[in-house]
Amino acid sequence: MDQPIGNIYIVVAPSGAGKTSLVAALLQAEPSVELSISYSTRPARKGEIDGKHYHFVDKATFDAMIDRGDFLEYAEVYGNYYGTSAPWIRSRLEVGQDILLEIDWQGAEQVRKVFPGAIGIFIAPPSIEELERRLRGRDTDTEEVILRRLASARAEIDKIAEYDYIVVNDDFERARLDLISIVRARRLRSEVQCRRLAEMFRHMGTAGAQ
Ligand code: GDP
Ligand code: ADP
Ligand code: 5GP
């Protein structure tokens with residue numbers, strides 16, 4: 001794949017840290033960032049809509065997609081399979097679209113091998129105790145699933161230094177603004193601004209005085 005024009009944001013967090021809530025808030029504030037809808041073999045939770053939260057598929061369909069090379073990355077997470085559609089990513093990057101992947105750490109490592117410029121953002125909970133409270137408070141998972149997710153959280157936090165940005169989701173509003181700031185700062189980089197505003201700067205510079 002050629003170097004993409006659009007930015008790839010990869011958001012990783014231990015389950016229950018607030019990734020889904022924060023990403024939804026970011027996309028509302030920055031609608032020009034588009035969310036990749038993953039494929040998953042996990043059963044849909046109450047309120048989840050096929051094609052909006054995930055493309056829910058059975059294991060046989062998922063395996064067939066692996067064989068066809070349909071995934072940019074895929075991983076087994078907490079006993080279910082999750083994967084990112086390669087054709088979708090390719091089509092969006094080609095037109096310069098910024099995209100956001102909400103994926104696990106294994107997927108993040110795979111994507112960064114293909115796209116070293118992808119921007120890794122880790123959302124950390126303020127404490128393991130608070131993480132447990134949120135997982136239980138969400139009331140979407142069984143006890144067994146909650147315990148498995150908590151055990152993984154510690155291992156994920158051990159790899160936190162691999163990310164470009166770390167947002168601690170203590171106060172939700174502050175974390176939301178932190179996440180928005182990352183996206184805004186990327187757009188203000190000189191490389192991006194010089195391309196976007198080339199004409200304006202040409203007029204303001206010595207060329208405009210002639
Ligand atoms: P899920 O993906 O179906 O688990 O849904 P979310 O976790 O994204 O959101 C569940 C609800 O919690 C939504 O109504 C959010 O607006 C709300 N919510 C998220 N974070 C906070 C917070 O920090 N404080 C409060 N009071 N509500 C929150
Ligand atoms: P994830 O997608 O990382 O599993 P969710 O976005 O589903 O996490 O959040 C887990 C639970 O914690 C949800 O019930 C959400 O409303 C709640 N939550 C998220 N951020 C905060 C916060 N800053 N303070 C308190 N509760 C939060
Ligand atoms: P959940 O079941 O709570 O929605 O997600 C469980 C975990 O799977 C989260 O860590 C989430 O980031 C990850 N995940 C969701 N979609 C993908 C994907 O397409 N690829 C990978 N590798 N992980 C994913």
Side-chain angles (χ1 to χ4, degrees), residues 8-28 35-57 61-62 65-66 70-89 99-115 118 120-142 144-157 159-160 163 166-179:
I8 306 176
Y9 297 98
I10 309 176
V11 180
V12 175
S15 187
K19 173 166 51 70
T20 307
S21 313
L22 280 172
V23 165
L26 169 70
L27 299 180
Q28 203 171 7
L35 180 67
S36 161
I37 314 289
S38 298
Y39 286 77
S40 178
T41 62
R42 169 168 73 66
R45 292 179 185 139
K46 209 166 127 250
E48 280 184 334
I49 299 161
D50 186 31
K52 178 166 185 270
H53 297 95
Y54 285 103
H55 298 289
F56 294 104
V57 292
T61 306
F62 198 95
M65 292 182 73
I66 295 174
D70 280 351
F71 292 121
L72 171 64
E73 63 76 33
Y74 69 91
E76 187 182 350
V77 190
Y78 316 123
N80 298 301
Y81 285 82
Y82 296 84
T84 303
S85 165
W88 186 85
I89 298 286
I99 55 174
L100 187 148
L101 312 183
E102 247 192 86
I103 60 180
D104 88 309
W105 66 272
Q106 306 170 83
E109 285 186 357
Q110 294 177 54
V111 173
R112 294 188 82 174
K113 279 195 189 118
V114 185
F115 298 111
I121 305 171
F122 192 93
I123 295 176
S127 68
I128 290 287
E129 292 73 25
E130 173 62 15
L131 185 67
E132 181 166 1
R133 260 194 297 280
R134 288 185 195 169
L135 274 176
R136 294 192 187 285
R138 191 168 66 177
D139 206 20
T140 53
D141 302 290
T142 62
E144 187 207 340
V145 168
I146 289 175
L147 292 179
R148 193 153 22 142
R149 290 181 179 218
L150 279 173
S152 304
R154 289 182 189 276
E156 288 166 33
I157 289 166
K159 289 169 163 277
I160 205 161
Y163 295 83
I166 297 169
V167 174
V168 179
N169 182 19
D170 189 352
D171 175 64
F172 187 82
E173 181 55 15
R174 206 180 61 196
R176 186 183 78 91
L177 292 175
D178 283 349
L179 203 51

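Order of listing sets the numbers, starting from 1, for every ligand and every atom in it. Here the structure is a predicted model, which means the values were calculated and not measured.
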At a 4.0 Å threshold, what atoms of ligand 2 neighbour a non-hydrogen atom of [X]?
X	result
N169	19 (C), 20 (N), 21 (C), 22 (C), 23 (N)
T20	1 (P), 2 (O), 6 (O)
F172	20 (N), 23 (N)
S15	4 (O)

Distance under 4.0 Å to a non-hydrogen atom of R42: what atoms of ligand 3 satisfy this?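 With R42 as reference, the close atoms of ligand 3 come out as 1 (P), 2 (O), 4 (O).
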
Could you list which atoms of ligand 3 come closer than 4.0 Å to a heavy atom of G107?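 The atoms of ligand 3 under 4.0 Å from a heavy atom of G107 are 22 (N).
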
Side chain, backbone, both or neither: [X] near ligand 3, heavy atoms under 4.0 Å:
X	answer
V77	side chain
R45	side chain
Q106	neither
E102	backbone
Q110	neither

Between K113 and E109, is there a side-chain N and carboxylate O pair less than 4.0 Å apart?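 Looking at E109 together with K113, the answer is no, because their closest N to O distance does not fall below 4.0 Å.
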
Salt bridge (Lys or Arg N to Asp or Glu O under 4.0 Å) between E132 and R136: does it pass, once the steps are laid out? CA-CA 6 Å; E132 181 166 1; R136 294 192 187 285; 2.9 Å; yes

What are the two closest non-hydrogen atoms of Y54 and S40, and how far apart are they?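 Between these two residues, the closest heavy atoms are CD2-CB, 3.8 Å.
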
Tell me which one of [options] gets a heavy atom nearest to [atom].
atom	options	result
atom 2 (O) of ligand 3	Y39, Y82, W105	Y82
atom 1 (P) of ligand 2	P126, A24, P14, G16	G16
atom 19 (O) of ligand 3	S85, P43, S38	S38

Is there a donor-acceptor contact under 3.5 Å from the side chain of Q110 to the main chain of L72?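 No, Q110 side chain to L72 backbone: no donor-acceptor pair under 3.5 Å.
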
Below 4.0 Å, non-hydrogen atoms only: which portion of D170 touches ligand 2? Side chain, backbone, both or neither.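 Contact part for D170 vs ligand 2: backbone (N, CA, C, O).
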
At a 4.0 Å cut-off, with the gap strictly under it, does some heavy atom of R149 reach an atom of ligand 3?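 Per 4.0 Å heavy-atom rule, R149 contacts ligand 3.
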
Please verify whether a non-hydrogen atom of E73 lies at under 4.0 Å from ligand 3.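 Contact present.
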
Give me the nearest non-hydrogen protein atom to atom 13 (C) of ligand 3 as residue plus atom name, then the distance to 0.1 Å.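 Here the closest protein heavy atom is D104 N, 3.6 Å.
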
In terms of the angle between their ring planes, are Y81 and Y74 parallel, tilted or perpendicular, with boundaries placed at 30° and 60°?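 Aromatic pair Y81/Y74 classed tilted.
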
Just so I know, are the side chains of F122 and P14 near enough to count as touching, which here means a heavy-atom distance under 4.5 Å?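 Touching, per the 4.5 Å side-chain cut-off.
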
